[in-house]
Every structure is written in C-alpha cells, then in structure tokens.
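Below: one structure, written as structure tokens.
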Amino acid sequence: MAKSSVERHQSIDAQLRLLAPAKVSEDDKLIEYDALLVDRFLDILQDLHGEALREFVQECYELSATYESASDFAKLDELGKMLTSLSPGDSIVVAGSFSHMLNLANLAEEVQIAFRRRNKQKKGDLGDEALAITESDIEETLKRLVQDYNKSPEEVFDALKNQTVDLVFTAHPTQSVRRSVLQKHARIRNCLTQLCAKDITADEKYELDEALQREIQAAFRTDEIRRIQPAPQDEMRAGMSYFHETIWKGVPKFLRRVDTALKNIGINERLPYNVPLIQFSSWMGGDRDGNPRVTPEVTRDVCLLARMMAANLYYSQIEDLMFELSMWRCSDELHVRADELLRSSRKDAKHYIEFWKQVPANEPYRVILDDVRSKLYNTRERSRNILSNGSSDIPLEATFTNVEQFLEPLELCYRSLCSCGDRVIADGSLLDFMRQVSTFGLSLVKLDIRQESDRHTDVLDAITTHLGIGSYRDWSEEKRQEWLLSELRGKRPLFGPDLPKTEEIADVLDTFHVIAELPADNFGAYIISMATATSDVLAVELLQRECNVKQPLRVVPLFEKLADLEAGPAAMARLFSIDWYLNRINRKQEVMIGYSDSGKDAGRLSAAWQLYKAQEELVQVAKQYGVKLTMFHGKGGTVGRGGGPTHLAILSQPPETINGSLRVTVQGEVIEQSFGEERLCFKTLQRYTAATLEHGMRPPTSPKPEWRAILDEIAVVATEEYRSVVFKEPRFVEYFRLATPELEYGRMNIGSRPSKRKPSGGIESLRAIPWIFAWTQTRFHLPVWLGFGAAFKHILRKDRRNLRILKEMYNEWPFFRVTLDLLEMVFAKGDPGIAALYDKLLVSDELKPFGEQLRANYEETKQLLLKVAGHTDLLEGDPYLKQRIRLREAYITTLNVCQAYTLKRIRDPNFKVDVRPPLSKEILDSNKQAELVKLNPASEYAPGLEDTLILTMKGIAAGLRNTG
C-alpha cells in the first residue's frame, strides 16, 4: 500500500532539517499545510477515479521523491515507463493531478508565509531572518529613515508628496492559469487559513473542512486548458478584474496606512488626496508590437470599456457616500451650489418630485452628490452606447469629460465639511473617494500604445515616396532628423486621403486617429519598441501632429538590445539638444529599458551590467540638459526577463536613477502574485512605495572603479560566450527546438499574440517569453546562466586576487549581490539530469554531445558561482526558500518525465508503448473516456497527448512559479 501524504512529506521534512537544523524554525507550517491539502485532494481523486488511480499517483510521487541527480537515470526511465503505459484518459487525469498538487503547494506556501509574518509580529522578533518580512513595510521604512539615517520627518513627507510609482499591467502571455481556476484557488487559500487558525470550534472546523474539499474538487473538475486563444479584449477584462476585486479598495486603504505611518514619525498632516503616489497604466489593447490582433478598433473598444468600468465603480460607491453625508450644516459656497441645482431641477417637474422623495431640503451634500451620480450614470451609459452602437444620444455636456470636473464638487463638499468643524467626517469615506478619483481618473487606467519603430519608418517612407522627395528608409540618420525637424517646425500637412496605403500603413495611421478621437485622459505613453535613434522619437511626434492628436502622448523610446542600450544615451543627448523638442516635452522625459530582449541578445550578466550603465549615462545626459528623467523598467516575472524580489531590485538600481519617479511593468502571473487578494495588493503597494522612497533618500552604494573595471571586462567575455553558443554555434537552433517544448508553446493559448514577431526566422525573431519558457520547462534555464561561467573563469585565471575583489563586490554592492543571488536561486530550481532526459528522448545522436557540453558548462558555472558567493551549497542562507523548492521537486519531476515522454510520442510516431487497461473507474465507462480524451478533437496528435502535454506545461510553470 502506498504511503500517506503525511509519511511522504515527513521524509522530505527530515532531509530539510538535516540540511539546516539550526535555521528552519520549529513554527514552520509548510509541510503540515501541504500534507493537509494533498491528502484532501487524494481522497477526492479516489472518490472520483478509484483507489487504483490514487495509488498510481502516489507511486509516481514516491519514485520521483527518491530521484536525486543525473546518476539516478534508471528511476526516471522507470517512471517514464509507468507514465507511458497509461490510457489516454488516465494520462490526462494523472498529469492534471500533479499540476493540481503543485498549485496546492503554492497555496500552502502562501498561507505559511502569512503565518510566519503574523508569528514574527506577535513575538516582536525582527532578526536577520525577518528581513524579507519587514523590508517593504512603509512604517518601518519611514522610521528607519528618520531614526537610522537622520532624515527629518518633514524631509520624508516632502519626498513622499513628490513621489510617483506607476505600475503598468501588460498582457504578456505568462499567466498559464485560467481566471476561473485562480478564483477557486483564492477560496482554497482562505479556507486553509481559517482552518489552521487557533480558537476555532469543532463545528467550524468541520464546516471549513467541507468547504475546503468542495473548493479543491471544483478546481480539479474545472478544465485547466484554454480551448481558444483569448482576444485582446478578453485580456483587458481579465486584467481589469483585479481592480474590481482588490485594487479599487486597496488603494485608499494603503494611503490611510501611509497617513498613519507619517503620524507615527511626527507628521500630523495627511498625504494630500491628489498626490500621485500610486498610479496604474495598461498595455492591454494598446500593445501592438508584433500582435496583429491589436487593431485600432480593439484600442477604441478597450478605452471605452475601461471608461465604462470606471464610471460603474464610482456609481456603485456614490450612493454609499450620499447615505453617509446626511449633515445639514454647510458653507455658504455649497449652499449656493445646492440651491442652483435644485432650481434647475424644477424645470423637470417629474424629476423634481422624484428627487425630493430621496433628498430633503436640509441635506445639501446629497443635492451635490446626486448631480455627481447623475453625471456618472450618463458617463457610463454614453460609453456603453458608443461601445455597442458606435454613437450615443446622451450629450457630452451631461457627462464628466475630465477628472477636474469630477473632483470639483467633491472638493466643494470637503471644504464645506472642514469649514463647519466636520473635518473628521471629511477625512472618512469622502477622502477615500477623492483619492480613488485622483488615482484612477475617468479611464480607470491610462492605456499606453506600443508599436515597433520599423512600422513608423514604413509610413514615413510611403509619405516621402508619394511626395517624390526620395525614400525615407534609405536616408541617413542625419537626413532623417533634418527633414523631420523641418516638418515639425512648419505647419503644412504632409499627406491627404490620396496617400497610397498598405494594410500595415493604414493600421498605424488609424491608431493615431483613434488617439485623436478619444478623450486624452484615456492614454499614457506612446512606446517605441526596438528604438535605435533620435529620428524614431521625432517620427512619432510628426505622425501625432499629422493625425490631429490635440494633446500628444509623451513619446518613450524603448532601448532593448545591447547595442541600443549602449547608443541610447547619445540618441537622447541629440534629442535634448533640439530646442523644439525641449519645449515640446517641458523638460520631462521618460525612457524605457528592456530586460527581456537585452537578456536574450547578450545573456543575463552582460544585459544586467549594460542596463545599469545605460541608466547612469541617461541620468547624466538628462542632468546636463536640465531634464527630469523617469526610467521605465520593462521587467518580466522570470530572472531571465529581469524578474526578482521587488524591494531588492529597486534598491540595487544605480544611485539617482529613480529619484522619486518609477514606472515598471507588471506581467502575466506576477499580476496574480501581486494583486490576487487584498493582502497581496496591500503588500505590493507598500513594497513599491517604500523601496522607491528609500532608494531616493538613501541611495545604494556606488561601485568602486576597480569593481567597474572587473565587470566591464567579464561582461565582454560573458557576451562572447553567450553569443558564440546561441547565435554562432550552427547546431544550436536545431538542438534548442529538439530539446525543449518551444515548438509546442503556442498550444497553451495563454495570450493573444504570436510567439514570434515575424512568422519566419530563428532565435532572433523569437519573443523573449517563449525563449525563456522553453528552457524553464526543461529545468535547464540556459538563458540565465550562460556566460557567467566563462566570465568568472576568465577573471580568476587572470589573477587569483580577483576572487577577493569579487567577494567584496558580492558583500558590499547591492547590484552585484542581487544579480548573483538570483542566479543561485535559478540553479536551485534547475536540474541538468532532467535536461539530460529530454536530450536522451528527443535529441538526435549527432547533437547529444553538444547537450553534454552545455550541461558540463552548467555544472562548472554553478561551482564558480558558489566560490564567488562564498557558499558551500545553494541557498544555504535561505533555508525557507530551499524548503519550498524541495517540497515541489517530486511533483515537478513527475511532470518533467511525463512531458518528455509525451513529446517523444508526439514527435516520433514509431515510438512504441505498452498501454495498460484504464485505471480510472470513470474511464471504464466508454462515454466518460470519450469525454476525457476528446476535449481537444481538433488536435492532430494521438488522443489525449495534446491535453497531457499542456497540463504538464502548466504544472511545471506552477511548480517553478514562473511561466516566462
């Protein structure tokens, strides 16, 4: 008989405690929580599919748990034979079971982290181990700045009032879990939290346990696989759901915590309601870089939908505010306004009668707010009508057309309450509401538009060709700038309706026309991806003018590849030297830097160092020309795409590069991890605000000249090593496509855009997400570590004394420490033995030696990393993270083996397997078997293989907490 979940977990727990007996706290609950959830799930699995299938799942787990390294290849082979013997329906159920158990492990971890945080706070124990808990707390940060770093409370208050963090939600396809499943996960997490709380009665425990089982079964019985690719509008609705569920209420709650933190350092004044401390933007429906499904019509729809959602949120809240503000005392100013509104309402007798049934004459605030409510209703319905029918009978003057109109009556109410001695009432729901209006505006989020620079070049080339003045595309950079500036300084129109247009050119111009047509407060920035030169920015400025954009969007170049990052500061210096441009931007500029494509282009080490240097140089250029610069960080969730702990990532940026103004993308699964519930939302807002404030008021260490010299030298070596493998090695592309599930990535349907910018092409045309995703699935993580080993080996061979300098850099320089710590975490999640299994099954014999070379490089790089960091083992300083990774390994290993063998069966039709009779009692019924196997009838694969493959992809992504 198979072991129980508790017995299985106890063996892992014992191993973990042997590894770090003095560090793993006795109050740790992760093993207990995970065992509870998995036991409940296995009971459900047995009820649904029978004891035979439950025992099979447990046997697979036990075999995976005994696998240690590449030397245990026989165990992987045995596991592979077990998994390939399954009938199609059983295969889907088993893959789904392990994927589900990994999601349950994640939920156990989240509850454990919350438990540890509460426990530490109760004990008042804030030792070194509690750093991760306290580092992003806004009150702790404020106290630390005042008490430890000698900042006055007034300095801290002024810094906060002038600080802005803009979180930009993107539709980058890295959230592999369906929204309906995520909601069930949230309910499981809540049940577990309550069930494990102290002081619950036996009846409450029974009811909670029932609810827990119900939610676990509901999640398992929900199809994990997206059967159709989402449209951009679907992505936008999914992203906006977080505003409904957590962010809308989370923002005023967070701002009240800031008020309290300020009070506790001696500031007896609230943060002004209109301080843009936290802002939100979106790329969902505006990011057309390589996504043909984001059309001008989609952008229009998304803007109208967001406007409708915002008005609806305000409308649902305004009645609560009217109920609260029932006072009769008011200022003369408010009394006059209320009287005017009442007199004007008498023109419509019916409305007047209905109105007075609700609002007595001695409740003037309700008179004002009723007018606000009416305009909100009209604002919502006008957007709804235009979205549905293309037009609306509701006149524009009956709606709010800008946020100032919306705020004016609210400010009037606030002033009146304060003047009548009711400030305590004014600082209640009314202040919260005003803060929401100031944060979210009439559009909920501001939509960025992103387009590739070549698309603008195509439009301008068509214009200059039509005018008979030559080919813009063939002109030098100097000639482009000269012509663009002459046109920008002039007033003549460049083209009319007779301009010959391809479909692509019309798409670019129609996008600008949509920007011109819709209210300006719908939009944020216009991002130019693959920007390389000054003319890229001027081109967008000219196209905005030609398409009659009355309030032009700020134009933001995105420097992505290594060469573009190196050339970026010079391009911006040229821009800032143009008087016309300086006047246009009012000496405020935003520059975006890309972590994904820079890493894909040159490897993580070289990209990280060049991003660091580019920021320093951009800040110096901006200072030289008196320009206020905002850096926009285009980060993904994985380390290979710039991901990592937010607080540490911000504090490791170069000094003076944030300076109270930060924009950063929040992508894919990171949105759920940051805003999936109220607690996470609150924590996220604290984390960004606190770290941004601390970076500005206590800048991180600047690197010593000798540190810079070493990094400059090793970055060159790292780039050469990386590119020699990825771009120059003739065997690499074929090896990559055979050894990973890159070609099958698109079947997950987790985003609206294609996996390539261009349908044809090699690694260079592949987007960074599937590039990272493919290597993450095989646990090899090549894009993250490749280049580090050669760099370290070079500098240590050159001079043994350099090891001392590298260790000094690691201990004293936040940027270098964060870079290596993230690499160490990736190695802890990696497993070259698993990668070797993919090679064995999927790679041709002539390419297998190449795979062996890469794995030898992996092992050498890991040992060099440990040497530089001064560690004897991976994650020796973080036993909790080591425990969390170790807990998932057996689940992930099973899915890796299942995925590798499933890919073998898909790609090699001659691969023979002996299939046993169905194990599941459900599958024994032919109708049930058809139901399970034919979920994807359009697949060209053998029955069950596509669903099994996708479930393994989702499960591995869940287990590693990263998709791409």
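Side chains included, hydrogens not; waters and symmetry mates left out as well; all remaining heavy atoms used.
- Between the side chains of Tyr581 and Gln589, a donor-acceptor pair is found at a separation under 3.5 Å.
- The aromatic rings of Phe169 and Tyr242 sit perpendicular, their planes meeting at an angle over 60°, well past the 30° parallel limit.
- A donor-acceptor pair under 3.5 Å links the side-chain atoms of Arg288 to the main chain of Thr295, judged by distance alone.
- Between Met572 and Phe559, the closest side-chain pair of non-hydrogen atoms falls below 4.5 Å.
- Using the six-membered ring where Trp is involved, Phe815 and Trp609 have ring planes that are tilted, between 30° and 60° apart.
- Distance check, rounded to the nearest 0.5 Å: CD of Glu235 to OG1 of Thr170 gives 9.0 Å.
- Under the 30°/60° scheme for interplanar angles, the aromatic rings of Trp785 and Phe780 are found to stand perpendicular.
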For salt bridge (Lys or Arg N to Asp or Glu O under 4.0 Å), just list the numbers for Asp507 and Lys501, CA-CA rounded to whole Å, side-chain angles, deciding distance to a tenth of an Å, and then say yes or no. CA-CA 9 Å; Asp507 181 82; Lys501 301 173 192 172; over 6 Å; no
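- A donor-acceptor distance shorter than 3.5 angstrom exists from the side chain of Thr465 to the backbone of Asp461, with no hydrogens or angles considered.
- Using a 4.0 Å cut-off between a side-chain N of Lys or Arg and a carboxylate O of Asp or Glu, Arg817 and Glu812 do not qualify as a salt bridge.
- Residues Ile528 and Val537 come closest through the heavy atom pair CD1-CA, 3.8 Å.
- Annotation: side chain of Glu560 is in contact with side chain of Ser529 (closest heavy-atom distance under 4.5 Å).
- Minimum heavy-atom separation, Leu618 to Pro569: CD2-CA, 3.7 Å.
- When the salt bridge (charged side-chain N to carboxylate O under 4.0 Å, His left out) test is applied to Glu546, no partner is found at least two apart in sequence or on another chain.
- Within the 4.5 Å cutoff, side-chain heavy atoms of His695 are placed close to those of Pro700.
- In this structure a side-chain-to-backbone donor-acceptor pair under 3.5 Å is present from Asp601 to Leu562.
- Between Lys613 and Asp712 there is a salt bridge, with a side-chain nitrogen of the basic residue lying less than 4.0 Å from a carboxylate oxygen of the acidic one.
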Would you check, one step at a time, whether the test salt bridge (Lys or Arg N to Asp or Glu O under 4.0 Å) holds for Glu616 with Arg708? CA-CA 13 Å; Glu616 288 182 316; Arg708 286 182 176 278; 2.5 Å; yes
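- Ion pairing between a basic and an acidic side chain is recognised when a charged N comes within 4.0 Å of a carboxylate O; Arg455 and Glu504 show no such pairing.
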Stepwise side-chain hydrogen bond (donor to acceptor under 3.5 Å, both in side chains) check, Tyr526 with Gln451: CA-CA 8 Å; Tyr526 194 107; Gln451 182 60 277; 5.3 Å; no
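- Atoms OG1 and CG, on Thr861 and Leu786 in that order, are 7.5 Å from each other to the nearest 0.5 Å.
- Ring geometry for Phe792 against Phe788 counts as tilted: the plane angle lies between 30° and 60°, on a 0 to 90° scale.
- The aromatic rings of Phe816 and Trp813 sit parallel, their planes meeting at an angle under 30°, below the 60° perpendicular limit.
- With sequence neighbours left out, the side chain to side chain contact (heavy atoms under 4.5 Å, CB included) criterion links Ala533 to Glu477, Ser535, Asp536.
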Audit row: Glu541, Arg584, salt bridge (Lys or Arg N to Asp or Glu O under 4.0 Å) steps and yes/no: CA-CA 9 Å; Glu541 294 285 7; Arg584 153 75 182 94; 2.8 Å; yes
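- Not counting sequence neighbours, Arg480 has no partner by the side-chain hydrogen bond (donor to acceptor under 3.5 Å, both in side chains) test.
- Using a 4.5 Å heavy-atom cutoff, the side chains of Asn857 and Glu721 are in contact.
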Do Lys728 and Glu720 pass the salt bridge (Lys or Arg N to Asp or Glu O under 4.0 Å) test, and can you show the C-alpha distance, the side-chain angles, and the key distance before you say yes or no? CA-CA 10 Å; Lys728 297 177 184 177; Glu720 177 55 36; 3.6 Å; yes
